[in-house]
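Taking it in order: structure first as structure tokens, then the write-up.
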Protein chains: 2
Amino acid sequence: MIGYDVGMLTKSGQPRGHSGPGHSVTNPDGSQGQDDDSEGRPAAGEARPGSAPRDRKRRVSMADVAKLAGVSSQTVSRVSNGSPDVIEVTRQQVISAMNELGYRPNSAARALKRGSFRTIGVILFSLSSIGNVRTLEAIALHAATKDFAITLIPVTAPTQAEVQGAFSRMGELAVDGVIAIMEIHLLDAATVSVPPGVKVVVVDSNAGETYSVVDTDQADGAHKAVEHLLELGHQTVWHVAGPEESFASGRRQQAWRETLLAHGKEVPPVVRGDWSAESGYEAGLWLAGQEGCTAVFTANDHMALGVLRAFREKGKAVPEDISLVGFDDVPEASSYSPPLTTVHQDFAQVGHRCVDDVLRQIRSNSTEPGMTLVPTNLVVRQSTAAPRDIDVSA
Amino acid sequence: MIGYDVGMLTKSGQPRGHSGPGHSVTNPDGSQGQDDDSEGRPAAGEARPGSAPRDRKRRVSMADVAKLAGVSSQTVSRVSNGSPDVIEVTRQQVISAMNELGYRPNSAARALKRGSFRTIGVILFSLSSIGNVRTLEAIALHAATKDFAITLIPVTAPTQAEVQGAFSRMGELAVDGVIAIMEIHLLDAATVSVPPGVKVVVVDSNAGETYSVVDTDQADGAHKAVEHLLELGHQTVWHVAGPEESFASGRRQQAWRETLLAHGKEVPPVVRGDWSAESGYEAGLWLAGQEGCTAVFTANDHMALGVLRAFREKGKAVPEDISLVGFDDVPEASSYSPPLTTVHQDFAQVGHRCVDDVLRQIRSNSTEPGMTLVPTNLVVRQSTAAPRDIDVSA
DNA sequence: GTAATAAGTGTTTACGTAAACATGATTGGG
DNA sequence: CCCAATCATGTTTACGTAAACACTTATTAC
């Protein structure tokens, strides 16, 4: 995966000439080109004798293509939309006219006529969490395969007002459906009104009864993490939770607690962080001083990183003195010291399902909610082991 | 920043007992086959034979509002666009009619008429790098303040064909300008043709003479990193570079080399990684075995994380045995062990400038390229120190 | 051979908005 | 008091596309 490139600074910049002339449709500064049309177009906006180099050359429309190809604009439309009712010869004429003029369908007009934009809006508060980013990426990629575009609707602050604002802008935005990625519980149907007919899917929230929800199976993941530690022989498992406002955090914490109780274990006090590595560090400092703490489950990997640092500074070895499990499986988790045992979230899957669900709603023109939980799996690395004083080998 | 929620486990996990009854759960391996569907192209629409409770209530249009308010639709348009030429009484009538009917402007029609969508397209290959993500976030936020929306145009593979495809889709996409975030040098003007009139800004590439470019001042950052290590008294600085295709990597490497040469230092062989922590780990294993290696500059923080792990495993202490500097200043860098000295990139600034530049081009209707370099600054933490055998205190 | 289809293409129209132009009402200067 | 200027509003039109329908031919059915 890595190579040694001794001293090689040869300005390797240029990726093979690839000059291939072939088909230079457009000169970026293209003063001219654009052939056709020298025969005076009725609109004649060109006049502008004075300075003003407005090269506001009207875009090529179907009518232009139709004229060149010697057909009606409706036929051009049919070709453009792949209608089977066009004879091959005509189709070729139209296509070559399209190429000659560099025709591109105008999506505004198309959307106006069709009443659909083939676009999905994604509302998100922040891209600072790995999960949001990966989910967004998956959404974008999957939507692209369905020929849908993605419009981003950032929300600057996680307040009711902001979210409400984002939703009400929906109505006027060029969007057929909406995916809201919110890790905060702001989506009470009571307080946020969505324009009628807008299809919504929510990631990670409590809006389950009003809108479709897609999410990682948080409880399942936390359960697996805790079970793993208990099976190794730990008496109980401590927990570094995420911020209180986060639903994901809440669900992980709840599952952690329930799993402990189900095994008849004591439930230690919760340490609460804010997802950041820094807060994990502080939590770790405190945990390192707790008697009998041999196993810790942190609600995400970044906090686990902070915990690791704190433990190292306090002379606690991982996993010899304390075992640690994270959540997320960020790409770097395998390079922590030691490599982190963690719960892998399949964000790609989450994004995929989101798109499928909005498209389902758009197709069926209904807003009937569904719920999808994407399973997790535990990735065991080297940050967990049996506790010192217990022998489970027997 | 973190609070101790001691013992407070009493149901605190479950914010508002929202355990949600009812509500069908769709199994991930979804029996609901509706996946790969026939959605591809809208060849034949709907067909919907029987019932079809299409509540296709035509959307409220200006005409409806006009009728209710007893004015012409043009007056509604004026109110909608904040024209000053409407008398207050009339304006209020229109506004209340709007509210009553729940009118929202139709952006398709608006765009068709205006020839502008107030939308910026962002082409990106991947969201896996921190920089891209943070830049995108900044772009989205800043564009929002300018009342522009963001459309995502993901490119699945960093090939010429893909990028070309993305650009030619531009023409038909509802986009007034484009920001391309590409860390790969694929944007030769010769091979990629942009539809005429499309305003382009490129982040991190070599397209400087054709398109506007905005980027972090990579050379400056690398220079600062190397200078810092040399000032501490190290004889030279080793380098873990990013992948060869990356321009950012190339510039950092080049600046590293030039700085060493400027100080008359020897230039050690380059170790090449691929940005991942894993590749950093491998690089670190190799570096740990090199005689005289006391200072390392890695081209990003994640690789530095891997290097740290390798050094720890090889018994090399940081910074006592080897000093280490990263690049990016990811949020967790301060929680590495030890906290990492690194070059901070101001991605927010980069995104901000991108938007400003596209908007400039859109406003002036020119595509005249500009170039903006955003300065970096070195964040000194605890991974760097003077080498063992040198005394710089004098 | 004629009627009934079907296939391929053209014509008309509507989508919702806003620019350009037109109208009617008010004002003010001489 | 009239003409011009200004203001507030109405009317017409065009933006580019695609649905609905109309119109030719060719093909098939009898």
Side-chain angles (χ1 to χ4, degrees), chain A residues 41-45 47 54 56-67 69-94 97-98 101-118 171-174, chain B residues 41-48 54 56-67 69-94 97-98 101-118 171-174:
Chain A
R41 162 178 297 297
R54 300 156 99 14
R56 186 171 279 315
K57 45 183 60 173
R58 247 165 72 311
R59 277 192 43 175
V60 184
S61 80
M62 278 190 167
D64 304 315
V65 176
K67 192 153 75 177
V71 299
S72 77
S73 62
Q74 180 54 31
T75 298
V76 178
S77 169
R78 282 191 260 258
V79 172
S80 177
N81 291 310
S83 158
D85 294 337
V86 182
I87 205 171
E88 195 51 31
V89 191
T90 313
R91 182 189 307 279
Q92 286 310 326
Q93 277 174 359
V94 172
M98 282 177 170
L101 297 178
Y103 168 78
R104 301 280 162 206
N106 176 316
S107 58
R110 185 172 274 191
L112 173 59
K113 198 71 184 72
R114 289 216 208 119
S116 150
F117 295 89
R118 293 193 82 77
E172 67 182 277
L173 268 176
Chain B
R41 270 284 158 195
E46 300 303 282
R48 286 236 167 269
R54 295 164 140 297
R56 189 171 275 316
K57 44 184 66 171
R58 248 166 70 310
R59 275 192 44 175
V60 186
S61 79
M62 278 191 166
D64 303 317
V65 176
K67 192 153 77 177
V71 299
S72 76
S73 61
Q74 181 54 31
T75 298
V76 178
S77 168
R78 282 190 260 259
V79 171
S80 177
N81 291 310
S83 158
D85 293 338
V86 182
I87 204 171
E88 194 52 30
V89 192
T90 314
R91 183 189 306 279
Q92 287 310 325
Q93 277 175 358
V94 172
M98 281 177 170
L101 297 177
Y103 168 78
R104 300 277 163 207
N106 176 317
S107 58
R110 182 172 280 191
L112 174 59
K113 197 72 184 74
R114 285 210 274 234
S116 154
F117 267 96
R118 291 194 80 78
E172 68 182 278
L173 268 177

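A, B, ... follow the sequence lines: proteins, then strands. Residue 1 opens every chain.
- Note: CG (A/L112) to P (C/dA14) measures 14 Å, nearest angstrom.
- Rounding to whole angstrom units, CG of residue A/D85 and C1' of C/dG10 are separated by 14 Å.
- Residues B/V60 and B/Y103 share a closest heavy-atom pair of O-CD1, 3.5 Å.
- You'll find the side chain of A/R78 stays beyond 4.5 Å of the side chain of A/V94, heavy atoms only.
- Taking every side-chain heavy atom of A/M62 into account, D/dA18 is the closest of D/dA18, C/dT17, D/dG16.
- In this structure, CZ of B/R114 is placed 14 Å from P of C/dA20, rounded to the nearest angstrom.
- Taking only side-chain nitrogens and oxygens, A/N81 comes nearer than 4.0 Å to OP1 or OP2 of D/dA18.
- Rounded to an integer number of Å, the gap from CZ of B/R104 to C1' of C/dT17 is 17 Å.
- The closest donor-acceptor contact from the side chain of B/N81 to the backbone of B/S83 lies at 3.5 Å or more, if one exists at all.
- With a 4.5 Å cut-off on side-chain heavy atoms, B/K113 and B/S77 do not count as touching.
- When distances run from any side-chain atom of A/Q74 to the nucleotides D/dA19, D/dA14, D/dT17, the shortest one goes to D/dA19.
- Taking the side chain of B/S72 as heavy atoms from C-beta on, and the options C/dA18, D/dA18, D/dG10, the nearest nucleotide is D/dG10.
- Residues B/M98 and B/S80 meet the side-chain proximity criterion, which asks for heavy atoms closer than 4.5 Å.
- A straight line from NZ of A/K113 to P of D/dT17 spans 12 Å, rounded to a whole angstrom.
- The side chain of B/V86 lies closest to D/dT9, out of C/dT17, D/dT9, D/dT17.
- The side chain of A/R110 sits closest to D/dA18 out of D/dC15, D/dA18, C/dA18.
- Between B/T75 and D/dA8 there is no side-chain N or O to OP1 or OP2 distance below 4.0 Å.
- If you check every strand for non-hydrogen atoms under 4.0 Å, A/I87 touches sugar and phosphate atoms only.
- Closest to the B/N106 side chain, of the nucleotides C/dG16, D/dG16, D/dA8, is C/dG16.
- Looking at heavy-atom distances under 4.0 Å, B/V71 makes contact with sugar-phosphate atoms alone, never a base.
- At a cut-off of 3.5 angstrom, the base of C/dG10 holds at least one donor-acceptor pair with the side chain of A/R78.
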